[in-house]
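Here is the structure we will look at.
Numbers restart at 1 for each chain; the letters A, B, ... are given by sequence-line order, proteins then strands. What you see is a predicted model; the values in this text were computed from it and never measured.
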Protein chains: 2
Amino acid sequence: MSLAAARLDTTFAALADPTRRAIIVRLAQGPASVGELAQPFAMSQPAISRHLKVLETAGLISGGKDAQRRPRRLEAQPLAEATAFLEAFRAFWETRFTELDQVLEDLKAQTNEGDVP
Amino acid sequence: MSLAAARLDTTFAALADPTRRAIIVRLAQGPASVGELAQPFAMSQPAISRHLKVLETAGLISGGKDAQRRPRRLEAQPLAEATAFLEAFRAFWETRFTELDQVLEDLKAQTNEGDVP
DNA sequence: CAAATCCATAACCAGATCATTACATAATGA
DNA sequence: TCATTATGTAATGATCTGGTTATGGATTTG
């Protein structure tokens, strides 16, 4: 498997958890400490620390140091790569949606076939 | 957790495997039978069938019927939703890359400081 | 210095994941 | 009908995941 593919593995795996996605969304607005990141969740602090570890291993976040705090910041590269992978399918699904629209229109036209004008 | 979030869970989890991503890439070019999908991989047929089950459970593919074949086709909706999630971060990482470019430029300018003109 | 704050790590457990082999079933065709 | 083709399902086992509690280290503050 290529290196880029291995990176997509860990990136998508990291994105597959709702807690981690919420953390990412939060970090998109700026760095935050572990405590701040943990606050919205009904979950122990070690659980959050482990989610952060997963995100860090995936390269999605990086950590700084500020007194006792260990503020995390979001990293751009893996998100950009995952987006690029999915963007490659845009042509595919836009076509599909257009086809579906057509089907629905045809269906509607057919339903109205016997209507008075 | 919202329904949309649950869907992103299974979609991203499905995308976290290289075999499944390759299957998706293949199916973007049109439907294919299980045998055709299995052919590129050094893996047993049941293993492929299970990957297909994962993809189907995630709603990423659907199955048809043609004699003994069970051709699969790619579905648009989950891919579109995952793309939409990641697109929301585009502004973030494009800004980050611009900042990085700036850092690199500054670094270069600084390196050339003592150069003769 | 002692207490409190912030966070990481270890040990543990239940359940999910991903592969294997062996077998079953459905459709085709000689 | 019988062999072949195409595919799904079951049983099994190793590893990964995601949570918990317990504990320890570093830093700030009283």
Side-chain angles (χ1 to χ4, degrees), chain A residues 1 5-27 30-74 78, chain B residues 1-2 5-24 26-27 30-74 78:
Chain A
M1 188 181 15
R7 170 106 94 160
L8 285 178
D9 282 11
T10 54
T11 300
F12 282 128
L15 288 169
D17 183 278
T19 302
R20 290 193 294 260
R21 284 198 305 278
I23 289 173
I24 288 173
V25 167
R26 166 63 187 82
L27 288 177
S33 71
V34 176
E36 286 167 353
L37 292 172
Q39 190 271 324
F41 302 102
M43 196 180 299
S44 66
Q45 169 264 315
I48 298 294
S49 276
R50 289 222 335 200
H51 280 304
L52 293 175
K53 177 87 95 179
V54 171
L55 290 168
E56 193 164 0
T57 300
L60 279 162
I61 66 174
S62 60
K65 185 169 177 176
D66 167 34
Q68 319 106 302
R69 321 272 153 58
R70 294 290 177 275
R72 303 312 212 283
R73 58 151 43 217
L74 191 56
Chain B
M1 187 180 16
S2 76
R7 170 104 96 160
L8 285 178
D9 281 12
T10 54
T11 301
F12 282 128
L15 289 170
D17 183 277
T19 302
R20 290 193 293 259
R21 284 197 306 277
I23 288 173
I24 287 172
R26 165 64 188 81
L27 287 176
S33 71
V34 176
E36 286 166 353
L37 292 172
Q39 189 271 324
F41 301 102
M43 198 181 295
S44 67
Q45 170 265 315
I48 298 295
S49 275
R50 290 225 334 200
H51 280 303
L52 293 175
K53 177 86 93 180
V54 170
L55 289 168
E56 193 164 1
T57 300
L60 279 162
I61 66 174
S62 59
K65 186 169 177 176
D66 167 34
Q68 320 107 301
R69 320 273 154 58
R70 295 290 177 272
R72 302 312 211 283
R73 57 152 41 220
L74 191 56

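- The nearest whole Å value for the distance from the CD atom in B/Q45 to the C1' atom in C/dA24 is 12 Å.
- Note: A/T10 OG1 to A/L15 CG = 9.5 Å, rounded to the nearest 0.5 Å.
- Rounded to a whole Å, the CG atom of A/D17 is 15 Å from the P atom of C/dA16.
- Atoms CD (A/Q68) and C1' (C/dC6) sit 6 Å apart, rounded to a whole Å.
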| Hey, mind stepping through A/E56 and A/R72 against side chain to side chain contact (heavy atoms under 4.5 Å, CB included) and telling me if it holds? | CA-CA 9 Å; A/E56 193 164 0; A/R72 303 312 212 283; 4.0 Å; yes

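- Residues B/V34 and B/S49 share a closest heavy-atom pair of CG1-OG, 4.2 Å.
- Using a 4.0 Å cut-off, some side-chain N or O of B/S44 falls inside it from OP1 or OP2 of C/dT20.
- Look at CG on A/D66: it is 13 Å from C1' on C/dC7, rounded to the nearest Å.
- A/R70 places its CZ atom 12 Å from the C1' atom of C/dT5, with the value rounded to the nearest Å.
- Between B/R26 and B/L74, every side-chain heavy-atom pair lies at or beyond the 4.5 Å cut-off.
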| request: Start with the C-alpha gap between B/I48 and B/T19, add the side-chain angles, then the distance that decides, and say whether side chain to side chain contact (heavy atoms under 4.5 Å, CB included) holds. | output: CA-CA 8 Å; B/I48 298 295; B/T19 302; 4.3 Å; yes

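- We find that NE2 of B/H51 is positioned 12 Å from P of C/dT17, with the value rounded to whole Å.
- Minimum heavy-atom separation, A/A22 to A/F41: CB-CZ, 3.6 Å.
- Of the side-chain N and O atoms in A/K65, none sit less than 4.0 angstrom from OP1 or OP2 of C/dC6.
- You can see that DNA chain D meets the heavy atoms of chain A within a 4.0 Å-exclusive cut from D/dG18 to D/dT28, reading 5' to 3'.
- Here the nucleotide nearest the side chain of B/P46, chosen from C/dC18, C/dA19, C/dA22, is C/dA22.
- A donor-acceptor pair is defined here as one N or O able to donate and one able to accept, closer than 3.5 Å; such a pair exists between the side chain of B/R21 and the backbone of A/A5.
- Residue A/A67 is classed as a sugar-phosphate contact, given heavy-atom separations below 4.0 Å to backbone atoms only.
- B/L52 places its CG atom 15 Å from the C1' atom of C/dA19, with the value rounded to the nearest Å.
- Whole-Å rounding puts the A/R50 CZ to C/dC7 C1' distance at 15 Å.
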